[in-house]
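Each ligand, and each atom within it, is numbered from 1 in the order the structure gives.
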Amino acid sequence: MKHFILFGPPGAGKGTQAAKLVEKYNFLHLSTGDLLRSEIKKGTELGKAAKELIDKGFLVPDEIVEGMIKDQFIKNPDVKGFLLDGFPRTVVQAEHLDDMLKELGEDVTGVISIMIPDGMVKERIRHRAQIEGRADDTSDEIIENRIQTYHAKTEPLISYYKKAGKYKEIDGIGTIEDIFGKICKVI
Ligand code: ADP
C-alpha cells in the first residue's frame, strides 16, 4: 500500500492537488484540517477544543490528530493508498506515524513538498478567504501565526524526511496543471 505525504506551507495548494490526485490514482485523501473542520461542524467535544486553537492559528495537540489518522487507517484497510495532507505537522507526529505504519507492516512511501514563499502564502490565503470563508483565513494576525508555526514546528520535517531519503520538493509557483504534472512524475 502507498502512503504519500503532501507537504508544504499553508495555502501551498495541497488540497487542490489532493483532489486531482485522488481522481487519478484512487488514493484515499486524509486531510487533518478537513477532519478537524468536520468535528467542529458536528459540534463534538473534540471539535470544540480544536476550534479554540485553530481559530488562533495554533496546532491542535498531536494525540488528537494522530488518533484521527489511526482511525482512518483502521477503517480503510482495502484502499490502494493514502494521501496524507496536513499530517504529520510536527517531528513527534512523524515519529508516531512511522510507528503506526510499522505496526501495520507499512511505511511512508514518499513526501511530496509543494513549496511557495511566505509572501505568496498570505496572498493565497486571503484569496481563499473570499471563496471558502474559513475563520482561520480571515485575519492577518492568525495567518502570521500559522506561518510562524509552520517554520518552527513543521519545517523541521524536511530534514527528517531528507534523512530517510523520502523527500521530493517541487516548485509550487505555476498553474494547477503544471504542478499536478510535476507531482504525477514524482509519484
Ligand atoms: P492549511 O492548509 O491552510 O494549513 P489545514 O486545513 O491543513 O490548513 O489546517 C487547518 C488548521 O488545523 C491548522 O492551522 C491547525 O490548527 C489544525 N491542524 C491541521 N492538521 C494538524 C496537525 N497535523 N497537527 C496539529 N494541528 C493540525
Say whether, by atom type as modelled, one donor and one acceptor occur between the side chain of [X] and the main chain of [Y] under 3.5 angstrom.
| X | Y | result |
| --- | --- | --- |
| Asn145 | Lys56 | yes |
| Arg134 | Arg37 | no |
| Ser113 | Met115 | no |
| Lys14 | Gly8 | yes |

Atoms of ligand 1, numbered as shown, that sit under 4.0 Å from any heavy atom of [X]:
| X | result |
| --- | --- |
| Val60 | 25 (C), 26 (N) |
| Gln93 | 22 (C), 23 (N), 24 (N), 25 (C) |
| Gly33 | 5 (P), 6 (O), 9 (O), 19 (C) |
| Thr32 | 19 (C), 20 (N), 21 (C), 23 (N) |
| Arg128 | 3 (O) |
| Lys14 | 2 (O) |
| Arg37 | 6 (O), 10 (C) |

**Q.** Heavy atom of the protein closest to atom 8 (O) of ligand 1 (residue, atom name, distance)
**A.** Arg134 NH2, 3.1 Å
Q | Nearest-neighbour protein heavy atom for atom 15 (C) of ligand 1, which is reported as residue plus atom name and distance | A | Phe58 O, 3.7 Å
Q. Are any of the N/O atoms in Val65 less than 3.5 Å from those in ligand 1?
A.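 No, Val65 has no N/O under 3.5 Å of an N/O on ligand 1.
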Q) Can you tell me how far CZ of Phe180 sits from OG1 of Thr16, rounded to the nearest 0.5 angstrom? A)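 The distance works out to 12.0 Å.
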Q. Heavy atoms, side chains only, cut-off 4.5 Å: are Gln93 and Phe87 in contact?
A.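 In short, these two side chains touch, coming nearer than 4.5 Å.
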Q) ligand 1 versus Glu132, non-hydrogen atoms closer than 4.0 Å: side chain, backbone, both, neither? A)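 Contact part for Glu132 vs ligand 1: neither.
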Q: Of the side chain and backbone of Thr90, name the one, both, or neither that has a heavy atom under 4.0 Å from an atom of ligand 1.
A: neither
Q. Should one rank Arg89, Arg146, Lys56, Arg124 by closest heavy-atom distance to atom 5 (P) of ligand 1, which comes out on top?
A. Arg89
Q: Flag the pair Lys20 and Glu23 as a salt bridge only when some basic side-chain nitrogen lies within less than 4.0 angstrom of an acidic carboxylate oxygen.
A: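 No, this pair does not count.
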(Q) What I want to find out is whether Asp137 reaches Arg146 closely enough, with some N-O distance under 4.0 Å, to be called a salt bridge. (A)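 So Asp137 pairs with Arg146 through a salt bridge.
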Q. In terms of ring plane angle, is the pair Phe27 and Phe4 parallel, tilted or perpendicular, where the classes change at 30° and 60°?
A. tilted
Q: Give a yes/no verdict on whether any heavy atom in Leu36 is under 4.0 Å from an atom of ligand 1.
A: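 Distance cut 4.0 Å: Leu36 passes for ligand 1.
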